[in-house]
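What you see is a predicted model; the values in this text were computed from it and never measured.
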Amino acid sequence: KSVASKKRINGKKVEMVQLTPQPLEDFASLRSRFKISKRLAGNLVQLGYTLPTEVQLGAIPLLLGNDEDRGLHRLPKWKNTGKSHVDLLSVAPTGSGKTLAFLIPVIQGLLNSKHESSTSEEANTLNAHIKAIILAPTHELADQIVNESRKLVQGTGLKVSGMKKGMRILIDQDDKNSAGEVDSIVKADLLISTPMALANVIASDSSEARTVPSIHYLVMDEADVLLDPLFREQTVAIWNACTNPGLQVSFWSATIGASIENLAQELIITRRKELKIPSKN
Ligand code: ADP
Ligand code: MG
């Protein structure tokens, strides 16, 4: 349940909303409460998942719930999309099941959008446009996420791809320029990559800033590592390329110190300004 209270900030009375949706009781209730796809629910059963871990029971309702469920109906709607915007910073120990916590909402979101546009003209090109990106700092981690994702999407029609050398993705300028070489372009709904591999592709053979407006979900796994100096430039470049105003960005880590939290908040606020999305405060 969301808890609302009034607080004084700089002399102004502001309504504060604490976003605390009901925790997820079990994976079976994903179907009754959040209407997730039958197939995805079936795959979870098949894989032996019955009870959510702590990070899953907290994060999944936050990411899957409607605005009312999250308490966001009390906040003004974002002007440009009419949708509320969730950015999540999730801290939970290694081995606590963060992968499933971010995969279930992303996969269900992809299934929803696939269903919505299946009757529109967009249907044919849908698979060429990647809708979700998961970044992980190493190839090993990225491969693990690819494997877990593939098990979860079985029978749903969604395609998962891991970014490999030489792959290209469809980005806005490509729509006009490379109709004849579509074969070299990876067609997937969900792409999993290291920041290095993907930043290279987005920046390659072009001095212009390129964008991937089709991305609705950007997941930063091991976000503390992604935002440390070694990867930060690439991670931020990818983030900046994701210009869809409805973009949902989530950070997941076993350790997020104050500096990472501040950095993440600073980056989110900057992005909102760039996208002209009003800030929450
Ligand atoms: P983290 O990313 O938080 O370090 P992982 O997502 O890699 O953790 O999960 C660790 C292990 O726990 C994996 O083998 C995964 O299959 C298992 N696991 C995740 N969620 C559950 C669950 N709800 N019930 C049982 N096992 C789970
Ligand atoms: Mg992990």
Side-chain angles (χ1 to χ4, degrees), residues 78 80-81 83 85-87 102-103 105-107 109-114 116-117 120-137 142 145-146 149 158-179 181-221 223 226-227 231-251 264 267-268 270-277:
W78 307 127
N80 49 355
T81 60
K83 276 188 197 160
H85 185 104
V86 174
D87 291 301
F102 59 70
L103 283 180
V106 165
I107 290 169
L110 292 173
L111 287 170
N112 290 343
S113 70
K114 197 155 199 125
E116 276 163 22
S117 52
S120 77
E121 281 173 35
E122 225 191 315
N124 285 338
T125 55
L126 197 65
N127 281 336
H129 283 100
I130 291 157
K131 290 279 189 61
I133 291 173
I134 297 172
L135 292 181
I145 300 167
V146 170
S149 308
L158 291 179
K159 193 171 174 238
V160 174
S161 198
M163 190 76 203
K164 294 273 165 338
K165 259 204 184 122
M167 277 182 169
R168 296 179 54 228
I169 62 168
L170 198 59
I171 45 187
D172 56 357
Q173 288 91 339
D174 285 334
D175 288 338
K176 290 163 244 151
N177 299 338
S178 54
E181 40 167 328
V182 176
D183 282 353
S184 66
I185 291 171
V186 50
K187 289 177 191 159
D189 302 283
L190 170 59
L191 181 71
I192 296 143
S193 180
T194 62
M196 223 58 115
L198 192 56
N200 281 341
V201 165
I202 290 174
S204 73
D205 60 71
S206 171
S207 51
E208 299 165 59
R210 308 178 106 190
T211 60
V212 270
S214 62
I215 305 301
H216 282 78
Y217 303 92
L218 178 60
V219 173
M220 311 260 197
D221 195 17
L226 293 178
L227 291 174
F231 297 109
R232 184 172 159 174
E233 199 184 322
Q234 281 88 7
T235 301
V236 172
I238 293 161
W239 194 354
N240 284 337
C242 296
T243 53
N244 191 303
L247 179 73
Q248 185 183 88
V249 187
S250 60
F251 296 80
L267 291 171
I268 286 168
T270 310
R271 289 291 293 143
R272 282 223 175 87
K273 279 187 187 145
E274 282 167 14
L275 298 173
K276 302 200 168 51
I277 298 171

Asks: For residues Leu247 and Ile215, report the shortest heavy-atom separation together with the two atoms involved.
Replies: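 Scanning both residues, the minimum pair turns out to be CD1-O, 3.4 Å.
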
Asks: Taking all non-hydrogen atoms of both residues, which atom of Ala136 and which atom of Ile145 are closest, and how far apart?
Replies: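 What the structure gives for the nearest pair is CB-CD1, 3.9 Å.
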
Asks: Quick one: closest heavy-atom pair of Val106 and Ala132, and the distance?
Replies: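 Result for this residue pair: CG1-CB, 3.8 Å.
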
Asks: Rounded to the nearest 0.5 Å, how far does CH2 of Trp239 lie from CG of Leu135?
Replies: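 Between Leu135 CG and Trp239 CH2, I get 11.0 Å after rounding to 0.5 Å.
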
Asks: What's the shortest heavy-atom distance between Gln234 and Met196, and which atoms?
Replies: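 The pair with the smallest heavy-atom distance is NE2-SD, 3.2 Å.
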
Asks: Heavy atoms, side chains only, cut-off 4.5 Å: are Met163 and Leu191 in contact?
Replies: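 Yes. Closest side-chain heavy atoms under 4.5 Å.
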
Asks: What's the separation between atom CD1 in Ile134 and atom OG in Ser193, rounded to the nearest 0.5 Å?
Replies: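 Result: 11.0 Å between the selected atoms.
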
Asks: Compare every heavy atom of Leu226 with every heavy atom of Pro137, then report the nearest pair and how far apart it is.
Replies: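 Of all heavy-atom pairs spanning Pro137 and Leu226, the closest is N-CD2, 3.8 Å.
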
Asks: Could you check whether any side-chain N or O of Asn244 sits under 3.5 Å from a backbone N or O of Pro213, counting only pairs where one atom can act as donor and the other as acceptor?
Replies: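 It does hold such a pair.
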
Asks: Got Leu227 and Phe251 here, is their nearest side-chain heavy-atom distance under 4.5 Å?
Replies: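 With C-beta onward as the side chain, the pair touches.
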
Asks: With side chains defined as the heavy atoms from C-beta onward, is the minimum distance between Lys164 and Val186 less than 4.5 Å?
Replies: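 Heavy-atom side-chain distance check fails, nothing below 4.5 Å.
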
Asks: When you measure from the side chain of Ser214 to the backbone N and O of Ile130, does any donor-acceptor pair fall under 3.5 Å?
Replies: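 Checking the backbone N and O of Ile130 against the side chain of Ser214, a donor-acceptor pair under 3.5 Å is found.
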
Asks: Roughly how far, to the nearest 0.5 Å, is CD1 of Ile202 from CD1 of Ile169?
Replies: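 The CD1 atom of Ile202 is 5.0 Å from CD1 of Ile169, to the nearest 0.5 Å.
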
Asks: Atom CD1 of Ile107 and atom CG of Asn112: how far apart are they, to the nearest 0.5 Å?
Replies: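 Answer rounded to 0.5 Å: 12.0 Å.
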
Asks: Looking at side-chain heavy atoms only, is the closest gap between Lys114 and Leu158 below 4.5 Å?
Replies: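 Side-chain contact under 4.5 Å: yes.
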
Asks: Side chains of Ser113 and His216, heavy atoms from C-beta outward: is any pair under 4.5 Å?
Replies: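 With C-beta onward as the side chain, the pair stays apart.
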
Asks: Is there side-chain contact between Leu103 and Val219, with heavy atoms separated by less than 4.5 Å?
Replies: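 Counting from C-beta outward, Leu103 and Val219 never come under 4.5 Å.
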
Asks: Rounded to the nearest 0.5 Å, what's the gap from OG on Ser149 to CD1 on Ile192? Could you check?
Replies: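 Answer for the OG-CD1 pair, Ser149 versus Ile192, is 3.5 Å.
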
Asks: Suppose we screen for ring pair (Phe, Tyr, Trp, His ring centres under 6.0 Å). Which residues come up paired with Phe102, at least two apart in sequence or across chains?
Replies: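 By the ring pair (Phe, Tyr, Trp, His ring centres under 6.0 Å) rule, Phe102 matches Trp252.
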
Asks: Which heavy atom in Ser161 sits nearest to a heavy atom in Ala188, and how many Å separate them?
Replies: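 Smallest heavy-atom distance, with atoms named: CB-CB, 3.6 Å.
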
